[in-house]
Q: 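This structure is in structure tokens; I'll ask about it shortly.
Residue numbers start at 1 and run along the sequence shown. Computed over heavy atoms, backbone and side chain alike; hydrogens, waters and symmetry mates excluded.
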Amino acid sequence: MKRFPIGVVGCLILAASMAGAKQGGLEDFEKLTGQWYGVSQTEVPDTTVRVAFSPDDRLLVHEQTLPEGRRLVVRESETGEIKRTVDPGTGWSGFRLEQGGQLVLETGEGDRRWEDGGWSEPAPGRPRPSARPGRHECREGRPRGSWRSPDGRFEVRVKDGDLMLGERGAKEDRLLAADDNQGVFRDPPLWAPDGSRFAIWKTHDVPERQVHYIDSAPDGQLQPKHFTQDYPKPGDEIDTRAPWVFFTDGREPVAPDFSLIENPFECRALAWRQDSRRLTYEFIQRGFGKHRVIEVDSEAGRQRVLVGEESGTFVFVYGNSFRHDLDDGREILWMSERDGWKHLYLLDGRDGSVKRKLTDGGWIVREVVEVDEEKREVLLKVSGREPDQDPYFIHFARVSIDTGEMVALTSSNGTHDRFERSPGGSYYTCRWSRVDHAPVTELHRWSDGARVAVLAEADDSKLRATGWPLPEPFVAKDREGKFDIWGIILRPPDFDPAKKYPVVENIYAGPQDSFVPKAWQPWIAPMHEVAVHGFILVKIDGRGTANRCREFHHFCYKNLKDAGFPDRIAWIRAAAEKEPAMDLARVGIFGGSAGGQSALGALLFHGDFYRAAVADCGCHDNRMDKIWWNEQWMDWPVGPEYAENSNVTHAANLQGALMLTVGELDTNVDPSSTYQVIDALIAADKDFDFLPMTGRNHGSGETRYGQRRRVDFFQRHLGGPQAPVR
């Protein structure tokens, strides 16, 4: 039985006696937080503007808030000229323009039409088209499997592990594959278009690791409940699958070529070509070092790697890769970081060679939004292409598949969203904003991306009149002076520049994305829940996070404990030179999940800078967390780097004040990850606070009670605003 050291017990008793002076405080926390939240939500008209085009693209109508009230504004699309401004009155839910420019107001009682300077009486609405003409969505879906062949003649069945083929009119099923205890045919087969053959996954199942949970105080009963969930962890044996091809005419099946898919993490995206001969699927290697498209020539029995990505670190697959086959696979649109930046390539579907690099330069493609196969163009979200702007801002661009010619569709100095194209495709509207700039909605021309008109600018004058401090973007150099590091500064609403404030960083350094807010957001949770209580908050994207170049991102490889801390510290020091109210003798940090891992890591590896940390539901040891997230950055097989990056390994290095929180029912990160850190801290005779949350799942530290305890902790260990000593 493990026991608390006497010193820890004494610390807990002392903490309890100190807390006894005043219990609770949630009411006061809620009152102050709610008061400032209300201020932050001061009305900012035209933050979101609805727009509708006429079917012929000639006109558009949009909402606008004018000094005299809310209006609908009808404009010419080509020039942006205002044709008329209409008072919509009240009791309406939407609007549209019909053929000929007829303005229609949609109400609960029916449609009302603007005629002769007034609204008609409500009339039944007309059916509206379900999709806009000329708009081609990116088709990534695959045909679903079916046990029955397309013509209904054959049906695949699984009996006692055997794969059988039934034929209409036949007395008995034909045995295709006997159960060999090496895998099961479980998923519906995918038939070739001509019905002559089918592909089917054969899955090798293994017993999965289970994590056990105790619900200590369940609703509706006194006694605890127990449940388990399957939860593979790094290094575990996992289920694998590979495709087999079977023929209806009795030919020998085509087995997978396992030399092409060694150590699979996942095989996916099974699809036939129209010739009913060629089959493709994707393979992701364990450890994420390889991502391939495999082609099977089922007629000849040949198999090959058609497209391949390999990396000595990792291929960033999940949420980042993109593939779209054109013209029955004669060409392939493919996303790759092979030149150090995430770009879109046009590949030859015959051999996987590069026909054309569609995007190029020191910037990245964030997302393929649409592929228009008819017009041979692709709509993209991109970042970093606009000089002298934050490289994380989202912009839209169009690229020609045939020439690689790119047309920038947005250029305003902000991050863009709400991209909406007109029915005929000649125009589009888009909104941009920054954390310190209210949204602006613009009308553009599709042919050249030129801005036609500003439709509406959100008016934040009332919010600014309250004195509410908007977040401030700030940029500084990294640890080596090589990369620009971007972040934001949040000041408390009653900020006094003559005082010194403790600084608290809200950290999340997961390599799957970047995390500093870029768009208009006067209240940023959970940062403002801390800031309004007398702290300056910062959030930073350091090295190892995504959406920059490969070098910047892959710094995280087998190196999660770094979490960009030297970059963050350099940034905070630079920010304090600009904002002297930041007291760098009192710096705290908090985060959850991977952010919880980093928050504790701040005190283990940089305790000379960070003085206090609150770590919620942290994946403190990457061997304890979910397999797919951790093996992508830490590789496979599990090597010594896992222990070297573990907070458990370095628990004895703790400096400063620490509070750990975890939900006992956390199904995202095994709660034992936190408890093993606790065990190591106790063994090292380290003092800390621990808040276990009964009945709570992942992110329990963001409950109102958890937020209040976090603020109390920082106030106790970092203090509040102070007048400088003179």
Q: Could you give me the CA-CA distance, side-chain angles and deciding distance for E282 and H291, then say whether side-chain hydrogen bond (donor to acceptor under 3.5 Å, both in side chains) is met?
A: CA-CA 7 Å; E282 293 185 19; H291 178 207; 3.0 Å; yes
Q: Would S336 and E309 count as a side-chain hydrogen bond (donor to acceptor under 3.5 Å, both in side chains) here? Give the steps.
A: CA-CA 8 Å; S336 174; E309 294 288 332; 2.9 Å; yes
Q: Can any side-chain N or O of E63 pair as donor or acceptor with the backbone N or O of R50 at less than 3.5 Å?
A: yes
Q: Do D417 and I394 pass the side chain to side chain contact (heavy atoms under 4.5 Å, CB included) test, and can you show the C-alpha distance, the side-chain angles, and the key distance before you say yes or no?
A: CA-CA 8 Å; D417 62 5; I394 297 290; over 6 Å; no
Q: Kindly determine whether W432 and H395 satisfy ring pair (Phe, Tyr, Trp, His ring centres under 6.0 Å), including the steps that lead there.
A: CA-CA 9 Å; W432 66 269; H395 284 276; 9.3 Å; no
Q: With a sphere of 6.0 Å drawn around CD of E121, does it hold more than 12 non-hydrogen atoms of other residues, nucleotides or ligands?
A: no
Q: Which of these, W341, F483, Y392, sits in a ring-ring contact (aromatic ring centres under 6.0 Å, His included) with F552?
A: F483
Q: Given side chains that start at C-beta, do those of W571 and W486 come closer than 4.5 Å, heavy atoms only?
A: no
Q: Apply salt bridge (Lys or Arg N to Asp or Glu O under 4.0 Å) to residues R96 and E98 and explain how you reach the verdict.
A: CA-CA 6 Å; R96 67 179 186 271; E98 293 185 340; 3.0 Å; yes
Q: Are any side-chain N or O atoms of D616 and backbone N or O atoms of G592, one a donor and one an acceptor, separated by less than 3.5 Å?
A: no
Q: Does V354 reach the side chain of R338, with side-chain heavy atoms less than 4.5 Å apart?
A: yes
Q: Do E78 and Y427 have side-chain atoms, one donor and one acceptor, less than 3.5 Å apart?
A: yes
Q: Walk me through whether L490 and I536 qualify under side chain to side chain contact (heavy atoms under 4.5 Å, CB included).
A: CA-CA 6 Å; L490 269 66; I536 292 178; over 6 Å; no
Q: Give a yes or no on whether the backbone of S447 and the side-chain of R398 come within a donor-acceptor separation of less than 3.5 Å.
A: yes
Q: Under a 3.5 Å threshold, yes or no: a donor from one side chain and an acceptor from the other, between S77 and D57?
A: no
Q: Show the numbers, then the answer: is there a side-chain hydrogen bond (donor to acceptor under 3.5 Å, both in side chains) between T667 and N697?
A: CA-CA 6 Å; T667 55; N697 207 311; 3.2 Å; yes
Q: When rounded to the nearest 0.5 angstrom, what is the spacing between CG in D460 and CG in L470?
A: 6.5 Å
Q: Any side-chain to backbone donor/acceptor pair from R421 onto G425? Under 3.5 Å, distance only.
A: yes
Q: Can you tell me if S120 uses its side chain to pair, donor with acceptor, with the backbone of R113 under 3.5 Å?
A: yes
Q: Do R323's NZ or CZ and the ring of W334 fall within the cation-pi criteria of under 6.0 Å and 45°?
A: no
Q: Between H444 (side chain) and A453 (backbone), is there a donor-acceptor pair under 3.5 Å?
A: no
Q: Apply the test salt bridge (Lys or Arg N to Asp or Glu O under 4.0 Å) to residues R376 and D402: give CA-CA distance (whole Å), side-chain angles for both, the deciding distance (0.1 Å), then the verdict.
A: CA-CA 7 Å; R376 301 275 292 176; D402 292 325; 2.8 Å; yes
Q: How many angstroms lie between CG in N320 and CD in E367, if you round to the nearest 0.5 Å?
A: 11.0 Å
Q: Taking side chain as C-beta onward, heavy atoms only, is L72 less than 4.5 Å from F95?
A: yes
Q: Can you confirm whether R696 is buried at CZ, in the sense that more than 12 heavy atoms of other residues, nucleotides or ligands lie under 6.0 Å from that atom?
A: no
Q: Working note: R431 + T47, criterion side-chain hydrogen bond (donor to acceptor under 3.5 Å, both in side chains); need CA distance, chi angles, decisive distance, verdict.
A: CA-CA 9 Å; R431 179 180 71 172; T47 295; over 6 Å; no
Q: Report the distance from atom OG of S40 to atom CD1 of I524, rounding to the nearest 0.5 Å.
A: 10.0 Å
Q: Would you check if S426 and R445 make a side-chain contact, meaning some heavy-atom pair closer than 4.5 Å?
A: no
Q: Got more than 12 heavy atoms from elsewhere within 6.0 Å of NZ, K477?
A: yes
Q: Is any side-chain heavy atom of F316 closer than 4.5 Å to one of S321?
A: no
Q: Going by atom types alone, do E442 and T429 pair a side-chain donor with an acceptor below 3.5 Å?
A: no
Q: I want to check something: taking the side chain as every heavy atom from C-beta on, are Y428 and F53 in contact at a cut-off of under 4.5 Å?
A: no
Q: Counting N and O atoms only, with roles assigned by atom type, does the side chain of D46 sit under 3.5 Å from a partner on the main chain of A456, one being a donor and the other an acceptor?
A: no
Q: Does H553 use its side chain to pair, donor to acceptor, with the backbone of P511 at less than 3.5 Å?
A: yes
Q: Tell me whether F495 at atom CZ has more than 12 heavy atoms from other residues, nucleotides or ligands lying less than 6.0 Å away.
A: yes
Q: Cation over ring, R112 on W92, under 6.0 Å and within 45°?
A: no
Q: Would you indicate whether the side-chain heavy atoms of V532 and W523 approach each other to under 4.5 Å?
A: yes
Q: So for atom CD, which belongs to E109, do other residues, nucleotides or ligands contribute more than 12 heavy atoms lying within a distance under 6.0 Å?
A: no
Q: Just do the salt bridge (Lys or Arg N to Asp or Glu O under 4.0 Å) check on E505 and R568 with the steps written out, would you?
A: CA-CA 9 Å; E505 179 181 356; R568 298 169 186 278; 2.8 Å; yes
Q: Okay, side chain of D541, backbone of F515: is any donor-acceptor separation there less than 3.5 Å?
A: yes
Q: Do R356 and E331 pass the salt bridge (Lys or Arg N to Asp or Glu O under 4.0 Å) test, and can you show the C-alpha distance, the side-chain angles, and the key distance before you say yes or no?
A: CA-CA 11 Å; R356 185 170 299 108; E331 295 176 317; 5.7 Å; no
Q: Considering the options V86, V74, V104, which one meets the side chain to side chain contact (heavy atoms under 4.5 Å, CB included) requirement together with V61?
A: V74
Q: Taking ring-ring contact (aromatic ring centres under 6.0 Å, His included) as the test, write out the residues that go with W36, two or more places apart.
A: none
Q: State, to 0.1 Å, how close S514 and N547 come at their nearest heavy-atom pair, and which atoms those are.
A: OG-ND2, 2.8 Å
Q: F396 and H416: aromatic ring centres closer than 6.0 Å?
A: no
Q: Starting at CG of L66, measure out to OG1 of T85 and round the result to the nearest 0.5 Å.
A: 6.5 Å
Q: To the nearest 0.5 angstrom, please state how far the CG atom of L346 sits from the OG1 atom of T359.
A: 11.5 Å
Q: Return yes when atom CD of E405 has more than 12 non-hydrogen atoms of other residues, nucleotides or ligands closer than 6.0 Å, and no otherwise.
A: no
Q: Taking the six-membered ring of W520 (Phe, Tyr or Trp), confirm whether the NZ or CZ of R434 is under 6.0 Å from its centre and within 45° of its axis.
A: no
Q: Between atom CG of D372 and atom CG of L379, what is the distance when rounded to the nearest 0.5 Å?
A: 10.0 Å
Q: Quick one, L443 and L60 - any side-chain contact, counting heavy atoms below 4.5 Å?
A: yes
Q: Is there a donor-acceptor contact under 3.5 Å from the side chain of T403 to the main chain of S400?
A: no
